[in-house]
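Predicted model only: the values in this text are computed from it and were never measured. Lettering follows sequence order; numbering is per chain, from 1.
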Protein chains: 2
Amino acid sequence: MHSQNLINIITDALPGLNKSETKVAQVILADPDAATSSSIATLAKKASVSEPSVNRFCKRFNATGFPDFKLKLAKSLVSGIRFVNRNVNPDDDVTSYTPKIFDSTINDLALVRDKISHTVVNSVVDKLIQAKRIYFFGLGTSGSVARDAENKFFRFNLPVSYHDDVLMMRMLASTGTTGDVFFVISHTGRTKEIIDVVQIARENGATIIALTSPGSPLAAISSISLDVDVPENTDEYMPMTSRIVHLVILDVLATGFTLRRGPDFLPHLEKIKNSLLPTRLKKDN
Amino acid sequence: MHSQNLINIITDALPGLNKSETKVAQVILADPDAATSSSIATLAKKASVSEPSVNRFCKRFNATGFPDFKLKLAKSLVSGIRFVNRNVNPDDDVTSYTPKIFDSTINDLALVRDKISHTVVNSVVDKLIQAKRIYFFGLGTSGSVARDAENKFFRFNLPVSYHDDVLMMRMLASTGTTGDVFFVISHTGRTKEIIDVVQIARENGATIIALTSPGSPLAAISSISLDVDVPENTDEYMPMTSRIVHLVILDVLATGFTLRRGPDFLPHLEKIKNSLLPTRLKKDN
DNA sequence: TTATTTACGTTATTTTCTTACATAATATAA
DNA sequence: TTATATTATGTAAGAAAATAACGTAAATAA
């Protein structure tokens, strides 16, 4: 609705504009792309107004002047075009569906990057630092995310495990106590089994961190929730990108964790890294 | 093809530039956003070169002049990719390391998006379509990727499994035959055990698809290799992004697969999707 | 109506960009 | 090596673009 797209802003403002401003707006809206590369004189002539009128028009829309306006207009056009262009069609071929899938993933990441609450991230890092042990829970696709998380966090010299089996989860939840952190990953946040398990762990005084969608039942009953608001994929052909976002958020948390531990901890990480060297073929042969 | 990002184009061209052009490039790359809104005089001063040098720089990159260059630069910046200093420093806090990690992931995705060979992607989809069964192999972090791949590909009504156990891999490889596809995921492509396993499968006439780095031993001995050239993470604090890229490439392959199967196949996917509904809490309560 | 505000254009000025040309640096051939 | 060609870069002029200052016209309110 209230997108920051300049074209939409102009369209919305159209009824409130005066004569010459309206003329300018019409010319711009008729061919915004041309407007971005034309001079103030050209545009003024096209709209049959004076150059300062065009300039005033620009300032009206929070630009410092005509060049600044063109810049903002150009930016609006790019994001708009990409957005429209992002769905995979049945008749797409490799050259078209490949960049589309990359673009939609990139777009979702950029969205979350700008929306994610740094305060919440910080609190989650706090809780992880305080944890005596961490369990990563996830079912289906989120199971892979949980597995990846284990692979990241075991490096911190801390009892860490991942689980994708509801019975196992249930048992662990029932033995959970203060100091245990259950890190629960779920795209929907509405899986009954998961909710059950979290409830049990909660009752035992464990900390629950949720990585899920905002407003979900899981988010509601967790100690703290990292909200990821990635639109549901309505398109049949389009893969789910939320798990990618989840992985990147876990990267962020792991980084926060490492930083909090301080530089004395780096040699430990280095040791783990080097432990894999003997399993690899040498580069020079 | 996909229009390459101007920033990447400049970065790539950097080694071939002459003195003053290099100066200009460095100033632009240091803060591209500032460059889009500064005058040619300001930029020339910052780079300690003359104004015409800046102008010539712009023309070198297929712009008609400085304003046109700024426009193109601005457009490049919109695509969600930010080019700030992307390294995490020990004294970074949440508000700085969070966007950095997102940005570096986004940047790597954009790079691969523009570099990946559509021909190879297409051939890999061909091979997957022809497969009688698919094994996804991966160790460590790549194990999670393999697990995710299984979760995607089992939907295609095809015997699919993932394995992160070298003994299991070895046994499966030894029984592999024509029609079997071994999809091997490895960031380095130099893990001895994996190379061994692939050799065995190869000798049995199976098809080996590698998702690994170009020029690696694994790429060399595979039937076909999807090259992912993501720079090694030299920074201690920066997480590995290659696995994210791998996941997106698997998304691309799954999409290619779905499209190749045609629209008759969609109801089957829908059925799988709906099978999960009973496990979820209703939205309205 | 007249006073007042607002809208708009003309002209002048400033800023920005580009062209033409000259000089310096570098590479190449003798 | 030196002479010559080539390329790189800067200076200065001028063209183009954008803005500011000002004045007149139109609209509105009293």
### Query
Tell me: NZ of K45(A) to P of dA16(D), nearest whole Å?
13 Å
### Task
Inspect the contact between D126(A) and R260(A) and indicate whether a charged nitrogen and a carboxylate oxygen are less than 4.0 angstrom apart.
yes
### Query
Would you say a side-chain N or O of N18(B) is under 4.0 Å from OP1 or OP2 of dT9(D)?
yes
#### Entry: Under-4.0 Å salt bridge between K46(A) and D31(A)
no
### Atom-to-atom span, CG of D68(B) to P of dA17(D) - whole angstrom
13 Å
#### Entry: Distance, rounded to the nearest Å, where L17(A) contributes CG and dC8(C) contributes C1'
15 Å
### Query
Would H118(A) and T95(B) count as having a side-chain donor-acceptor pair, cut-off 3.5 Å?
no
### Query
K75(B) and A74(A): which non-hydrogen atoms are nearest, and at how many Å?
CE-CB, 4.1 Å
### Query
Considering residues, nucleotides and ligands other than K115(A), do more than 12 of their heavy atoms fall under 6.0 Å from its NZ?
no
### Task
Calculate the interatomic distance between K59(A) atom NZ and dC8(C) atom C1'; express it in whole Å.
15 Å
Pairs: protein N or O with nucleotides 23-29 of chain D N or O, under 3.5 Å:
none

### Message
Ignoring hydrogens and geometry beyond distance, is a side-chain donor-acceptor pair present between S53(A) and S50(A) at under 3.5 Å?
### Response
yes
### Message
Between V112(B) and V248(B), is there a side-chain heavy-atom distance shorter than 4.5 Å?
### Response
no
### Query
In B/S/- notation, 5' to 3', how is nucleotides 9-17 of chain C contacted by protein heavy atoms closer than 4.0 Å?
BB-----SB
### Query
Any idea which heavy atoms bring K152(A) and D251(A) closest together, and the distance?
CE-OD1, 2.9 Å
